[in-house]
Amino acid sequence: LEKARNVEDDMLALDIAFMLINESEEAFQYEDDSDGFVGFWISDIHDFIGEIITDNCDSDRDTKVKIFDRLMEEIKNKSIRSGNDYQFYLFDLCAELADIEELRYRLRERIETIIEKNSVDSLNRYYNERFLELILQMIVDYESEEEALKFTEEHLSYSTFRTILI
């Protein structure tokens with residue numbers, strides 16, 4: 001991780017971080033982590049990935065698209081499993097780069113596909129709600145207040161959206 005922090009190329013640093021995350025998650029399944037070491041390690045890597053994204057929020061369009069594509073690739077390489085906070089974290093990071101309309105569209109399309117797949121299982125309702133909240137946040141950030149209100153009203157079956165409307 002320290003070597004990744006010292007790399008000048010953000011794409012290479014991101015690739016190293018993803019490799020570390022994937023190896024650490026695999027180790028996490030086989031190791032006794034009662035002392036929390038592996039969990040803290042994974043948290044440090046998440047923080048590092050977040051730093052890379054934050055540092056590039058004001059970058060040029062091409063850089064943002066490259067980073068966004070790499071995040072989406074990482075999402076695609078992982079199956080969306082119920083309870084996988086790492087997936088939500090990656091989607092949140094994508095949203096940070098979504099000031100470009102094309103990226104917002106792609107992100108929303110991917111999220112809506114997941115929501116549709118999750119809809120067949122009522123156990124995924126909580127995760128769908130989290131995804132819908134992310135879509136709403138993008139609408140609030142980049143679209144009109146009317147669009148946000150309309151989206152909220154369309155999802156009143158979720159308690160979060162009822163609370164927002166109130």
Side-chain angles (χ1 to χ4, degrees), residues 1-115 117-118 123-143 160 164:
L1 184 57
E2 283 306 311
K3 286 183 180 183
R5 289 185 190 282
N6 294 321
V7 170
E8 296 277 331
D9 180 353
D10 285 338
M11 293 303 293
L12 179 58
L14 202 54
D15 285 340
I16 293 169
F18 288 146
M19 180 198 66
L20 291 170
I21 281 284
N22 292 323
E23 292 296 321
S24 298
E25 284 182 341
E26 191 173 315
F28 192 67
Q29 295 181 24
Y30 301 104
E31 184 168 322
D32 172 19
D33 194 39
S34 55
D35 63 356
F37 179 77
V38 177
F40 288 125
W41 165 253
I42 291 173
S43 180
D44 285 347
I45 301 168
H46 285 183
D47 291 345
F48 176 63
I49 294 169
E51 290 169 21
I52 294 171
I53 303 310
T54 301
D55 290 347
N56 282 283
C57 280
D58 294 327
S59 293
D60 62 273
R61 184 185 192 291
D62 289 343
T63 301
K64 283 183 181 181
V65 169
K66 279 183 193 176
I67 293 172
F68 181 90
D69 287 344
R70 184 60 186 94
L71 289 168
M72 292 296 277
E73 182 181 317
E74 180 69 8
I75 289 168
K76 186 178 179 182
N77 288 339
K78 300 250 180 224
S79 63
I80 301 296
R81 297 179 303 273
S82 297
N84 191 339
D85 288 333
Y86 179 54
Q87 295 301 313
F88 289 109
Y89 180 68
L90 293 174
F91 278 103
D92 285 338
L93 293 176
C94 285
E96 286 187 38
L97 299 170
D99 59 329
I100 299 170
E101 187 175 3
E102 169 198 346
L103 300 183
R104 266 194 317 279
Y105 174 80
R106 288 176 46 205
L107 179 58
R108 185 168 176 171
E109 186 177 70
R110 176 74 175 121
I111 290 171
E112 288 173 345
T113 300
I114 292 168
I115 290 171
K117 287 179 184 177
N118 283 348
L123 296 174
N124 289 320
R125 184 173 172 79
Y126 167 75
Y127 303 107
N128 283 351
E129 187 170 4
R130 285 182 67 183
F131 280 125
L132 290 168
E133 288 174 40
L134 182 57
I135 292 173
L136 177 61
Q137 188 57 54
M138 288 189 299
I139 292 170
V140 166
D141 290 346
Y142 302 108
E143 296 179 29
T160 300
I164 290 169

Asks: Taking the side chain as every heavy atom from C-beta outward, state whether Leu136 and Leu132 have any pair of such atoms under 4.5 Å apart.
Replies: no

Asks: Are Ile135 and Glu112 side-chain neighbours, meaning at least one heavy-atom pair lies under 4.5 Å?
Replies: yes

Asks: Find the distance between CG (Leu14) and CD1 (Ile21) and round it off to the nearest 0.5 Å.
Replies: 10.5 Å

Asks: For the side-chain contact (heavy atoms from CB on, under 4.5 Å) test, which of Thr54, Ile67, Leu71 pairs with Glu96?
Replies: Thr54

Asks: Asp10 and Thr63: side-chain contact (heavy atoms from CB on, under 4.5 Å), yes or no, with the steps?
Replies: CA-CA 9 Å; Asp10 285 338; Thr63 301; 6.0 Å; no

Asks: Is it true that Glu102 and Arg106 make a salt bridge, defined as a side-chain N closer than 4.0 Å to a carboxylate O?
Replies: yes

Asks: With side-chain contact (heavy atoms from CB on, under 4.5 Å) as the criterion, how do Leu107 and Ile111 come out once you've worked through the C-alpha distance, each side chain's angles and the decisive distance to 0.1 Å?
Replies: CA-CA 6 Å; Leu107 179 58; Ile111 290 171; 3.9 Å; yes

Asks: One pair to check against side-chain contact (heavy atoms from CB on, under 4.5 Å): Phe91 and Arg110. What are the steps and the verdict?
Replies: CA-CA 10 Å; Phe91 278 103; Arg110 176 74 175 121; 3.9 Å; yes

Asks: Can you see whether Tyr142 has Arg104 sitting over its ring - NZ or CZ less than 6.0 Å from the centre and within 45° of the normal?
Replies: yes

Asks: When rounded to the nearest 0.5 angstrom, what is the spacing between CG in Asp47 and OH in Tyr89?
Replies: 6.0 Å

Asks: I need the minimum non-hydrogen distance between Ser59 and Asn56, along with the two atoms involved.
Replies: OG-OD1, 2.9 Å

Asks: Kindly say whether Ile114 contributes a backbone atom to a donor-acceptor pair with the side chain of Tyr127 at under 3.5 angstrom?
Replies: no

Asks: Around Asp58, counting heavy atoms of other residues, nucleotides and ligands shown, do more than 12 lie under 6.0 Å from its CG?
Replies: no

Asks: Which atom names give the shortest non-hydrogen contact between Ala13 and Ala4, and what distance separates them?
Replies: CB-O, 3.6 Å

Asks: For a 4.5 angstrom cut-off between non-hydrogen side-chain atoms, does Phe18 reach Leu90?
Replies: yes

Asks: So Leu134 and Phe88, do their side chains get closer than 4.5 Å, heavy atoms only?
Replies: no

Asks: Side chains of Tyr105 and Glu109 only: does a donor on one sit below 3.5 Å from an acceptor on the other?
Replies: yes

Asks: Would you compute the distance between atom CE of Met72 and atom CD1 of Ile75 and round it to the nearest 0.5 angstrom?
Replies: 5.5 Å

Asks: If you round to the nearest 0.5 Å, how far is NZ of Lys66 from CZ of Arg70?
Replies: 13.5 Å

Asks: Please report the closest heavy-atom contact between Leu97 and Phe68, naming both atoms and the distance.
Replies: CD1-N, 3.9 Å

Asks: Is there a donor-acceptor contact under 3.5 Å from the side chain of Glu133 to the main chain of Thr160?
Replies: no

Asks: Give the C-alpha distance, both sets of side-chain angles, the deciding distance and a yes or no for side-chain contact (heavy atoms from CB on, under 4.5 Å) between Gln87 and Arg130.
Replies: CA-CA 11 Å; Gln87 295 301 313; Arg130 285 182 67 183; over 6 Å; no

Asks: Any donor-acceptor pair under 3.5 Å linking the side chain of Lys64 with the backbone of Cys57?
Replies: yes

Asks: Does Arg5 form a salt bridge (Lys or Arg N to Asp or Glu O under 4.0 Å) with Glu2? I'd like the steps, not just the answer.
Replies: CA-CA 5 Å; Arg5 289 185 190 282; Glu2 283 306 311; 3.6 Å; yes

Asks: Can you tell me how far the CD1 atom of Ile49 sits from the NE2 atom of His46, to the nearest 0.5 Å?
Replies: 6.0 Å

Asks: To the nearest 0.5 Å, tell me how far Asn22 CG sits from Glu74 CD.
Replies: 4.5 Å

